[in-house]
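Let me begin by presenting the structure, written as structure tokens, before commenting on it.
Within every chain, numbering begins at 1; the chains are lettered A, B, ... in the order of the sequence lines, protein sequences first and strands thereafter.
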2 protein chains.
Amino acid sequence: MTNGKTDDAELPECQQDRAIEDFHRALGMITGKWKGEILWQLVQRKHRFGELLRAIPGVTQHMLTTQLRDLEANGLVKRTAFPEIPPRVEYEITEAARALRPVYDELFRWSQAHFSTLHPPSTPDSDESAAPLTHP
Amino acid sequence: MTNGKTDDAELPECQQDRAIEDFHRALGMITGKWKGEILWQLVQRKHRFGELLRAIPGVTQHMLTTQLRDLEANGLVKRTAFPEIPPRVEYEITEAARALRPVYDELFRWSQAHFSTLHPPSTPDSDESAAPLTHP
DNA sequence: TGACCTAGTATCAAAAACATGACTAATGGA
DNA sequence: TCCATTAGTCATGTTTTTGATACTAGGTCA
């Protein structure tokens, strides 16, 4: 790891700053208490507002609206409002958000590897790595 | 994209919840205003506290301590205190944190692809994609 | 006429994250 | 004796994020 075969280790300093800045901005786009759940729902199929509200337990109307607007502003979801009464609004994931897939995959893969050797956060369970997770 | 060749699309529901939970936990570990900068410094070489404080402009003692403790608690940095006067404490990145590398790489790659087609956040610059970034 | 539906807003409260400045401990050197 | 040094802690304040509740619009249906 010290033979410097990584890409950004050889970047000039001004571009390192740039890299950190971009990284932070991208990170800000996917952090948010409900964004993960929202994208997870939308990656499977298109949802309308009320469906998301019911599909994500614990989220409030207000937060769902806020997070969706945020995702929309960052080009991660597409909002389509139909001029009907009662109103109908559909949310779907964009290609840009689908391109985030490798990020999610890598982070998930890492979490699997890391959490299996680390003590759990608060669940006093016995076995973590091999249990088939019979839901309680 | 709809032919379902992705891994977790076929996971049973209980493990989907698990996946989201793990994902969120992992995300929480790397989100924090200064964690990116801290890890960026530590990935290059081991630092002592004061060095980090000077290397990261804008961070306060308090926040640096807080973020470092958080990273340490999650097994991402290793803290070594030497029984000397004046005190000397060295921080270095762990293997677990080094394994995060693909996550960072993918997110950075995504940010490059995504931000080049999106309007910038607040910098009223002319060209974003091809400029060699002569630092201002 | 009035209750009902959906996808929101508006307002305020609570909690979490972040920032600021003062303070501490132990020791070597002036 | 007293000051400088390092890596913090402590108390407090501000900002950001999240939550709870009530309210709106406009057409349909009874």
Side-chain angles (χ1 to χ4, degrees), chain A residues 20-21 24-42 45-74 76-92 121-122, chain B residues 20-21 24-39 41-42 45-74 76-93 121-122:
Chain A
I20 292 179
E21 188 186 328
H24 233 115
R25 190 143 81 98
L27 206 54
M29 285 187 180
I30 61 175
T31 56
K33 189 164 179 186
W34 306 101
K35 288 186 189 170
E37 280 85 344
I38 291 171
L39 291 179
W40 179 254
Q41 295 296 327
L42 295 186
R45 58 181 161 81
K46 162 193 315 186
H47 282 67
R48 48 189 299 192
F49 185 82
E51 284 178 320
L52 281 174
L53 200 58
R54 283 183 294 273
I56 303 174
V59 73
T60 62
Q61 262 187 353
H62 183 56
M63 280 315 294
L64 186 54
T65 303
T66 303
Q67 304 271 291
L68 280 171
R69 287 290 143 87
D70 206 12
L71 289 169
E72 189 196 4
N74 291 135
L76 298 185
V77 308
K78 177 158 156 280
R79 176 181 181 274
T80 312
F82 297 87
E84 303 173 3
I85 294 293
R88 177 163 62 105
V89 178
E90 285 183 350
Y91 291 94
E92 59 191 310
S122 58
Chain B
I20 292 179
E21 188 186 327
H24 232 115
R25 190 143 82 98
L27 206 54
M29 286 188 180
I30 61 174
T31 56
K33 188 165 180 187
W34 306 101
K35 287 186 189 170
E37 280 86 344
I38 292 172
L39 291 178
Q41 296 296 326
L42 295 186
R45 57 180 161 80
K46 166 193 312 186
H47 283 66
R48 48 189 299 193
F49 186 83
E51 284 178 320
L52 282 175
L53 200 58
R54 285 184 292 273
I56 303 175
V59 74
T60 62
Q61 262 186 353
H62 183 57
M63 280 316 293
L64 185 55
T65 303
T66 303
Q67 304 270 293
L68 280 170
R69 287 290 143 88
D70 205 13
L71 290 168
E72 188 196 6
N74 291 134
L76 299 185
V77 308
K78 176 158 157 281
R79 177 182 182 272
T80 311
F82 297 87
E84 304 173 2
I85 292 296
R88 176 162 62 105
V89 178
E90 286 183 349
Y91 291 94
E92 58 190 311
I93 205 169
S122 58

### Task
Go through the structure and list residues passing side-chain hydrogen bond (donor to acceptor under 3.5 Å, both in side chains) with B:Glu72, not counting sequence neighbours.
none

### Query
Rounding to a whole Å, what distance do you find between B:Ile30:CD1 and C:dA17:P?
15 Å

### Qualifying residues under side chain to side chain contact (heavy atoms under 4.5 Å, CB included), relative to A:Val59, sequence neighbours excluded
A:Trp34, A:Leu53, A:Ile56, A:Met63, A:Leu64

### Five-pair end axes of the helix from C:dT1-D:dA30 to C:dA30-D:dT1, angle between them (10°)
30°

### Message
What is the separation between atom CG on A:Leu64 and atom P on C:dT9, rounded to the nearest whole Å?
### Response
11 Å

### Task
List for me each residue that meets side-chain hydrogen bond (donor to acceptor under 3.5 Å, both in side chains) alongside B:His24, sequence neighbours excluded, and say none if there are none.
none

### Reported CG-to-CG distance for the pair B:Leu68 and B:Leu52, which is rounded to 0.5 angstrom
6.0 Å

### Task
Mark up nucleotides 5-22 of chain D, 5' to 3', with B wherever a protein heavy atom is under 4.0 angstrom from a base atom, S wherever such an atom reaches only the sugar-phosphate, and - elsewhere.
BBBBBB-------SBB-B

### Message
Show every salt bridge (charged side-chain N to carboxylate O under 4.0 Å, His left out) that has at least one partner inside residues 51-64 of chain B, sequence neighbours left out.
### Response
none

### Summary
Residue set satisfying side-chain hydrogen bond (donor to acceptor under 3.5 Å, both in side chains) with B:Glu90, at least two apart, ordered chain then number -> B:Arg88

### Task
Measure from CD1 on A:Ile56 to P on C:dA7 and round the result to the nearest Å.
14 Å

### Contacts of B:Thr66 that satisfy side chain to side chain contact (heavy atoms under 4.5 Å, CB included) - sequence neighbours left out
B:His62

### Task
Would you please name every residue forming a side chain to side chain contact (heavy atoms under 4.5 Å, CB included) with B:Ala55, sequence neighbours left out?
B:Gln41

